[in-house]
Amino acid sequence: MEFPIVDIEHLDDPQCQLDIANHIARASQTWGFLLLKNHPIPQQDVGDMFSLARQFFLDESEAAKSPWPVNTDSIGYSRALSDRYKDDKASMWFAGKAGFLAHNLPALPPFWHTYTAQIDDFKQKCHQLIMKLLVCFAIAMDLPDRDFFAKAHSEDIGNGNVLRMICYPARTQAPLDTTTRMSSHSDSGSVTLLFQTCAGLEVESPSGAWVPAPCLPGHILVNLGDALAFWSGRRLKATRHRVSFATVPHDRERLSMAYFAKAAPETVLQPLRSGADDEPMREYKANGLTIQPGITVGEYSRLIMESIYGAPVEPNAQEPRSPTAASAA
Ligand SMILES: O=C(O)CCC(=O)C(=O)O
Ligand SMILES: [Fe+2]
């Protein structure tokens, strides 16, 4: 089965919307992954973000980054080899609604202090695109209210919507204490937009084989997370993915950038049923957790944070602290 590529140039045209929604739905039900072609996020903006990421990760010293570890607001820096899985990747997290970063400057490495408006603007564009995809999911599931999912995903909620820049560093020698770049996982939220500078991500295909995710210039890779899979009664798929040393060797660097969207924390995840004889889903297992119907998005996020990231540090950390574990999300 071919990796799905969906052209969304005419997504706002009511004549084309159903067709595109069906295409997106098929991809979400089989692969849980798709590539978006002709999307509305300007290539210039993506390039500008990567250029900032490159300057931050490659030109700044570790001393200019490490004293600002990821805090409980999901803002900050996570060093390579520092998480629970010792993944060989570093990342920078930007959570919260517009203005939140500017109000939390002490939590950000100084490099970012003058770029908060630019990051807010990019996040906003990502979120607007996510809202349109959520409408497609509702159409695809024949929900009477096509805004059902979108209504739960306001841009202004908590810290669930996070932009994360990721750097897989190039090293002269392979690190001794790890075996992987990014451990295999499914994302825990609803929808993720992934921007890549080069190939390297592998995805579990519908047949169960690990296959390379395509990396085409100007395209966005989209994948669905556990919350949406659970909520949709598993009709939308949260697929596992990973980055290994086989695809990104220790002496090759790779940058990527993910925008993770989550529903509001009070949203109750009650699996939707498609028909009267459809067995309700009793539980959902992913990333080492089992969740039951009735759990809220907030509670699920808390469990995931605990299980993957360990004990969080306090917000607005100004002094160096031991880094939080940070890996999959
Ligand atoms: O770097 C990548 O390509 C994947 C990132 C990812 O899966 C994640 O951050 O959850
Ligand atoms: Fe992921």
Side-chain angles (χ1 to χ4, degrees), residues 3 28 31-36 46 49-50 53-54 56-57 70 74-95 123 126 130 160-170 178 180-205 210-217 219-229 236-250 252-262 286-289 301 304-305 307-309 324-329:
F3 197 96
S28 310
W31 281 79
F33 262 89
L34 59 139
L35 267 184
L36 288 184
V46 178
M49 282 288 128
F50 273 127
R54 202 164 272 116
F56 173 69
F57 286 118
V70 177
S74 294
I75 297 178
Y77 172 72
S78 167
R79 283 188 298 123
L81 306 171
S82 68
D83 64 40
R84 199 161 182 161
Y85 305 100
K86 301 250 182 212
D87 287 351
D88 192 13
K89 62 158 202 315
S91 55
M92 183 63 218
W93 303 27
F94 303 98
K123 287 175 66 182
C126 288
I130 297 256
N161 300 316
V162 182
L163 177 72
R164 192 181 306 169
M165 294 173 170
I166 304 166
C167 174
Y168 302 84
T178 186
T180 190
R181 286 292 206 175
M182 176 171 270
S183 314
S184 146
H185 67 281
S186 51
D187 293 351
S188 66
S190 293
V191 190
T192 305
L193 301 183
L194 186 75
F195 303 85
Q196 318 174 72
T197 50
C198 60
L201 183 69
E202 290 178 297
V203 166
E204 208 170 23
S205 74
W210 286 99
V211 298
C215 174
L216 300 180
H219 290 56
I220 302 176
L221 193 64
V222 177
N223 66 293
L224 281 60
D226 293 326
L228 200 58
L236 304 170
K237 255 176 99 173
T239 300
R240 290 193 304 163
H241 47 287
R242 68 182 186 194
V243 181
S244 66
F245 283 107
T247 56
V248 183
H250 72 268
R252 221 179 60 215
E253 141 210 316
R254 175 173 185 267
L255 294 179
S256 65
M257 192 163 54
Y259 179 78
F260 301 97
K262 270 192 184 161
N287 296 316
L289 284 181
S301 300
I304 282 277
M305 290 305 276
S307 111
I308 302 180
Y309 305 111
T324 41
S327 173

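Indexing begins at 1, ligand by ligand and atom by atom, following the structure's order. Note that the structure is a prediction, hence the values are computed from the model and not measured. In this chain, numbering begins with 1 at the start of the sequence shown.
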Heavy-atom pair with the smallest gap, counting every atom of Asn161 and Lys123: O-NZ, 3.7 Å

Tyr168 N/O to ligand 1 N/O under 3.5 Å: yes

Atom name in Asp187, limited to N/O/S, at shortest distance from the Fe ion (ligand 2): OD1

Contacting atoms of ligand 1, where contact means under 4.0 angstrom from a heavy atom of Phe260: 8 (C), 9 (O), 10 (O)

Stepwise side chain to side chain donor-acceptor pair (under 3.5 Å) check, Ser301 with Lys262: CA-CA 9 Å; Ser301 300; Lys262 270 192 184 161; 3.2 Å; yes

Proximity of Thr192 to ligand 1 by residue part, where a heavy atom lies under 4.0 Å: neither

Proximal atoms of ligand 1 relative to Leu201 (non-hydrogen, under 4.0 Å): 3 (O), 4 (C)

Shortest non-hydrogen contact between Phe50 and Phe195, atoms and distance: CZ-O, 3.5 Å

For Pro169 against Ala80, the heavy-atom pair lying closest together: CG-CB, 4.5 Å

Met182 to ligand 1, any heavy atom closer than 4.0 Å: yes

Minimum non-hydrogen distance to atom 7 (O) of ligand 1, winning option of His241, Gln196, Met165, Met257: His241

Partner of Cys126 under side-chain contact (heavy atoms from CB on, under 4.5 Å), chosen from Leu193, Val191, Thr192: Leu193

Parallel, tilted or perpendicular: ring planes of Tyr77 versus Phe57, cut at 30 and 60 degrees: tilted

His185 atom (N/O/S) at minimal separation from the Fe ion (ligand 2): NE2

Residues in side chain to side chain contact (heavy atoms under 4.5 Å, CB included) contact with Thr178, at least two apart in sequence or another chain: Leu81, Lys86, Asp88, Pro175, Thr180, Phe245

Ligand 1 contact by His185, heavy-atom criterion under 4.0 angstrom: yes

Contact check, Arg254 vs ligand 1, heavy-atom distance below 4.0 Å: yes

